[in-house]
Amino acid sequence: MMTRKINLPPKKERHKLFGSVEPGLKLKPTEKEHMPDLQNAKMDFLFTIDSVGISNVKHPIMLKSDLNPKQQTTIASFKMTSKISHDSKGTNMSRFTEQLEKYRQNGGFTPSIKSLFDFTKELAERLKQKDASIEIKFPWFYERKGPSSELIGLNHAEATITVSYVKDVGFTSSASLTCAVTTLCPCSKEISEYSAHNQRGYVTMNVEFTEDYNEEKDWKAVLLNAAESNASAMIHPVLKRPDEKMVTETAYENPRFVEDMVRLVAADLYELDFVQAFTVECRNEESIHLHDAIASLSYRKD
Ligand SMILES: Nc1nc2c(ncn2[C@@H]2O[C@H](COP(=O)(O)OP(=O)(O)OP(=O)(O)O)[C@@H](O)[C@H]2O)c(=O)[nH]1
């Protein structure tokens, strides 16, 4: 194929060629103090807004964990909000990311419950509001060993932490973890001459922490254990044949319906002294159907 020689104009000319024009006459103020501040207009705007702010903010965070790796950096998606009353036009959106940047510059963002209490209180003060909330979603990575070979690889679970602050009321904190497990169908095992169908199940645990929870126990590792220790078998990144034999047999020895999963995980969460209330859901991506099997239950300890 013949290549055509291109007579490339300078970059400015190229931009003009593709539609760029010279700046027009600009009459509006450029200094902040002379700009109208629409969002801070005070009038009766009819309704109070429960929650206004920003979501889908991608930002690195530093995590500590009881499992290996004990420290890791991962990418989180942040949602930060606050109420505004009926007499405010809008919130000050820039202050949410200003607050995030303050924490990044101060040694990096570490989402411990204690630091999120400080963060939400400072955010409410920065916004000149009575409340603020933060929700942080991120993949959390943990090492998993093959049961026989002990070969290590990384698995991950989806974690979420939520903290809310209300002036003169206090803080609430909760977390959720979704992890994958193997579930083997008890019914299939019971009725079949041999084998049983099994599938990847997803267990989601939402827990509300007690007021005095100090993170002495890593909630991520504890919730992961609650799901995996009650499943038919765990999910592994690296399995050699002796591992695969063990995982297959373990699943056959521990058949679970979705109903069994949510009840067994609930029993573990019931025993945790730092959990005030919880919801457990299990969703099995059925290997003999196109649809999923689901179950969920909620419990509050007070
Ligand atoms: N309130 C509000 N702001 C928005 C919205 N969408 C984008 N913004 C942007 O938020 C930015 C302004 O943030 P502010 O914090 O109010 O800016 P500011 O008043 O200069 O900042 P302060 O000095 O902290 O008050 C602007 O760039 C807006 O365009 C929206 O739906 N509501």
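Start at 1 and go down the list; that is how both ligands and their atoms are numbered.
For the pair Ile134 and Lys79, the minimum side-chain heavy-atom distance is 4.5 Å or more.
Rounding to the nearest 0.5 angstrom, the gap separating the CG atom in Asn284 from the NE2 atom in His197 is 8.5 Å. Distance check, rounded to the nearest 0.5 Å: CD of Glu150 to NZ of Lys240 gives 14.5 Å.
For atom 30 (C) of ligand 1, a protein heavy-atom neighbour is found at a distance under 4.0 Å. There is a protein heavy atom closer than 4.0 angstrom to atom 20 (O) of ligand 1. Within a 4.0 Å radius of atom 12 (C) of ligand 1, the protein contributes one or more non-hydrogen atoms. Within the 4.0 angstrom cut-off, atom 26 (C) of ligand 1 has no protein heavy-atom neighbours.
Between the side chain of Ser296 and the backbone N or O of Val280, no donor-acceptor pair lies under 3.5 Å.
At a heavy-atom cutoff of 4.0 Å, ligand 1 is contacted by the side chain of Lys32 but not by its backbone.
Inclusion of Gln39 in the set of residues having an N or O under 3.5 Å from an N or O of ligand 1 is warranted. Ligand 1 has a nitrogen or oxygen under 3.5 angstrom from a nitrogen or oxygen of Ser94.
With respect to Ser164, the side-chain hydrogen bond (donor to acceptor under 3.5 Å, both in side chains) criterion is satisfied by exactly one of Ser173, Ser133, Ser82: Ser133.
Atom CD of Gln105 is surrounded by more than 12 heavy atoms from other residues, nucleotides or ligands within 6.0 Å.
The aromatic rings of Phe109 and Tyr103 lie tilted to each other, with the angle between the two planes from 30° to 60°.
Annotation: atom 24 (O) of ligand 1 to nearest protein heavy atom, Arg95 NE, 2.7 Å. Residue, atom and distance of the protein heavy atom nearest to atom 8 (N) of ligand 1 are Met93 CG, 3.9 Å.
Against a heavy-atom cut-off of under 4.0 Å, Thr91 is close to the following atoms of ligand 1: 1 (N).
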